[in-house]
Amino acid sequence: MIRQIKFIIIALFVVSLSANADGKIVNAADFGLTQDGDAVPALRRALNACVQQGATKLIIPKGKYDCFPDRATEKYIRVSNNDNGMKRILFPLQDMKNFEIDAQGSQFIMNGHMVAIDVDHYKNIRLTNFSIDWKKPFYFQGEVVALDEANNSFDLKVHEECDYEIVAHELLFVEKAKKAIRTWKRWSIPLEDDYGWEQNIDWNIWYDSKTNAPAFNHEEILLKSYNEEKGLRYHAEELEPGLIRIFNATNVLPKIGWVLVVKGRKERNRISPAIHLFHNKNVTLQNVNVHHAGGMGLIGERCEDVTLNNFNVVLPPNSDRMVTTTADATHFVNCKGLLSYDNCTFENMLDDAGNFHGIYTKVVDLVDDYTIGVRRMHGQQTGFQFAESGDSIRLSDSKPMKPYATLKVVETIDYNEDYMTLRFDEKVSGVLHPNSVADNVSWQADVDFRNSTVRRNRARTLLISTQGDVLIEDNHFSTCTAFSILFEGDATYWHESGPVKNVVIKNNHFKDFGLVNGNCQILRFTPRVAFDGVPTHYYHKNIIFENNICEVSSRVLVYANSVENLVIKGNTILPSKDYTLSSSEAPVFEFTNSKDVRIEKNKYLWDRKATVKTDKYTNVIVNKNKGIK
């Protein structure tokens with residue numbers, strides 16, 4: 001019922017925008033917008049006119065618009081799970097309501113370090129009918145065209161959009177070729193003269209040009225700057241412009257036709273997300289394609305009710321690129337209301353299709369009887385607006401992540417991007433435990449993810465860590481390198497919270513996961529909880545996995561730790577027809593520290609029966625299945 005009401009509210013919001021069509025409409029063509037030169041100044045003039053005239057709609061005539069950072073709006077943006085910093089923004093949208101941008105099928109081509117859209121403190125905004133791309137990608141790509149087993153080398157034909165340099169036999173991919181990068185970085189050079197980056201090879205993945213998917217079982221072929229087995233560094237040579245030979249970066253050579261993709265681990269590499277949403281209510285993105293971004297396709301923080309309808313992160317048409325976004329397609333942190341996905345496609349990202357979570361801050365001191373100091377722990381959470389007055393904060397012991405108190409905030413003070421204080425409406429001094437973490441339970445979103453496709457990406461399909469109602473239905477998930485759907489929660493590394501309370505995953509088609517090593521689960525529950533013996537609580541609760549088709553090469557299907565009331569029912573598990581089947585003897589279903597797990601009425605149609613493994617703290621009912629011991 002709650003979910004139906006929220007759908008009705010969103011539908012009424014869409015109707016209200018249509019009814020508001022007689023409001024002031026601004027056309028960007030009236031402000032000098034053309035397809036020649038830099039589109040940024042004209043678009044900025046049109047946006048200013050919208051603000052000054054109280055317009056309800058901006059129309060951008062269909063076209064292909066090049067956008068440069070030279071005259072774009074500059075703003076310091078704190079972007080969770082990306083890299084903070086001064087950003088040049090094409091569409092800086094702030095402090096407005098009841099507004100629509102209809103770009104009528106336009107293409108916006110970013111050049112260099114930019115954020116395409118930043119929406120800050122908006123209410124009722126609709127963004128429709130456009131695509132976002134970058135002139136040059138934020139990664140390196142090259143196809144294997146020759147092998148030399150005797151010299152442990154292979155030759156790469158560099159993708160035409162990628163620039164590179166070889167410095168002291170090290171391959172660096174760069175924004176602009178031949179710019180003496182290591183020299184200019186010592187000086188302050190104006191943005192319009194040079195604004196570049198350089199990265200090394202130490203974050204890489206192999207794709208298969210025949211499938212456009214990650215290459216199967218390529219874990220042993222990942223490149224390393226230092227070859228530990230041989231005790232030497234790799235080196236690169238340029239045979240001719242655009243043709244590079246690489247020696248000793250791997251001891252197992254790739255295959256002809258495989259495509260190397262490198263994101264690099266030398267500088268920050270999540271610097272230009274395509275769309276950033278902060279503190280907004282009722283946001284709709286419809287008929288939007290993100291073809292690339294140097295970070296996430298869409299990152300939403302502290303937003304309420306976001307609708308994605310035909311929002312896609314997809315490769316550009318007629319392109320030889322292998323990668324869309326260099327991080328997640330979509331990512332939501334500390335949001336509430338309904339996050340709705342319908343008819344979306346996410347492909348070829350270097351991270352997940354969707355991640356929904358809060359954050360754990362570390363409690364570092366008791367300031368007074370009513371006040372604690374907390375620290376944002378992960379480097380990509382610095383400056384994140386963790387809480388404000390009126391929010392409810394949950395305190396948990398950090399090791400078992402067991403909650404023990406919930407208190408209401410009356411005041412927050414940010415001292416810097418790391419440290420802030422929270423003052424509560426009741427004494428915290430009498431309840432605070434040593435070694436505690438805090439998360440925000442007021443911002444826990446519902447998620448509806450339906451009728452969508454996720455394929456050919458690194459990592460997972462979805463990560464779910466929200467206490468709201470979650471429905472994942474009628475989707476097609478396939479060909480990612482790791483697990484499909486992951487439920488975590490940790491106070492040790494990412495510091496992403498928290499436990500799920502009500503998740504339904506039904507009527508989906510899952511196909512071929514774990515391409516990096518050939519063997520990863522479809523469902524994986526790995527909260528980083530630690531118990532000394534008998535579990536004191538269960539982190540994730542109430543998950544139904546029902547009536548799904550699982551067509552996989554991997555034998556392991558489900559791993560769950562610290563889960564209560566998990567139902568796996570009515571699913572059909574088939575062997576893959578496209579990849580070599582795993583010969584692993586690992587259990588198909590494995591459970592630890594869990595309670596009330598049911599496996600019933602499933603069909604496991606491999607030639608070997610599926611096995612179920614539990615520890616002594618877990619109870620599982622296995623009933624009326626086919627092919628499961």
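Only heavy atoms go into these numbers, but all of them, side chains included; no hydrogens, no water, no symmetry mates. Model, not experiment: these values are computed from the prediction. Sequential numbering from 1 along the given sequence is applied to the chain's residues.
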*Does Asn548 use its side chain to pair, donor to acceptor, with the backbone of Ile505 at less than 3.5 Å?*
yes

*Does Val261 offer a backbone N or O that forms a donor-acceptor pair with the side chain of Trp206 under 3.5 Å?*
no

_Do the side chains of Glu347 and Arg456 get close enough for a salt bridge, i.e. N-O under 4.0 angstrom?_
yes

*Below 6.0 angstrom between ring centroids: does that apply to Phe346 and Phe477?*
no

*Do NZ/NE/NH1/NH2 and the carboxylate oxygens of Glu74 and Lys87 come within less than 4.0 Å?*
no

_NZ/NE/NH1/NH2 to OD/OE distance under 4.0 Å, Arg78 and Glu417_ = yes

*What residues, two or more places apart in sequence or in another chain, satisfy side chain to side chain contact (heavy atoms under 4.5 Å, CB included) together with Ser594?*
Val563, Val597, Thr618

*Aromatic centroids of Tyr139 and His292 separated by under 6.0 Å*: yes

_CA sep, side-chain torsions, deciding dist, call: Asp418, Thr382, side-chain hydrogen bond (donor to acceptor under 3.5 Å, both in side chains)_ = CA-CA 5 Å; Asp418 294 327; Thr382 56; 5.2 Å; no

*Answer yes if the ring centres of Phe173 and Trp203 are under 6.0 angstrom apart, and no otherwise.*
no

*Are side-chain N/O atoms of Asn348 and Thr324 paired as donor and acceptor at under 3.5 Å?*
no

_Could you work out, with side chain to side chain contact (heavy atoms under 4.5 Å, CB included) as the rule, every residue matching Gln380, not counting sequence neighbours?_
Asp83, Arg270, His378, Trp494

*Before accepting this row, confirm whether a basic side-chain N of the pair Asp70/Arg88 lies closer than 4.0 Å to the acidic partner's carboxylate O.*
no

*Would Glu585 and Arg608 pass as an ion pair if we require N to O under 4.0 Å?*
yes

*Side-chain ion pair, Glu143 and Lys157, N-O less than 4.0 Å*: no

*If you round to the nearest 0.5 Å, how far is OH of Tyr559 from CZ of Phe525?*
12.0 Å

*Counting only heavy atoms not in Lys75, do more than 12 sit closer than 6.0 Å to its NZ atom?*
yes

_Does this structure show an ion pair linking Lys263 with Asp202, if we count only N-O contacts that are shorter than 4.0 Å?_
no

*If you measure only the distance, is there a donor-acceptor pair under 3.5 Å linking the side chains of Asp512 and Ser576?*
yes

*Under 3.5 Å, side chain of Ser478 to main-chain N/O of Lys511, donor-acceptor pair present?*
no

*Got more than 12 heavy atoms from elsewhere within 6.0 Å of CG, Asp148?*
yes

*Distance only, no hydrogens: is a donor on one side chain within 3.5 Å (strictly under) of an acceptor on the other, for Ser484 and Thr461?*
yes

*Okay, side chain of Asp397, backbone of Pro400: is any donor-acceptor separation there less than 3.5 Å?*
no

*Please determine if Arg460 and Asp352 form a salt bridge, counting it only when a charged side-chain N lies under 4.0 Å from a carboxylate O.*
yes

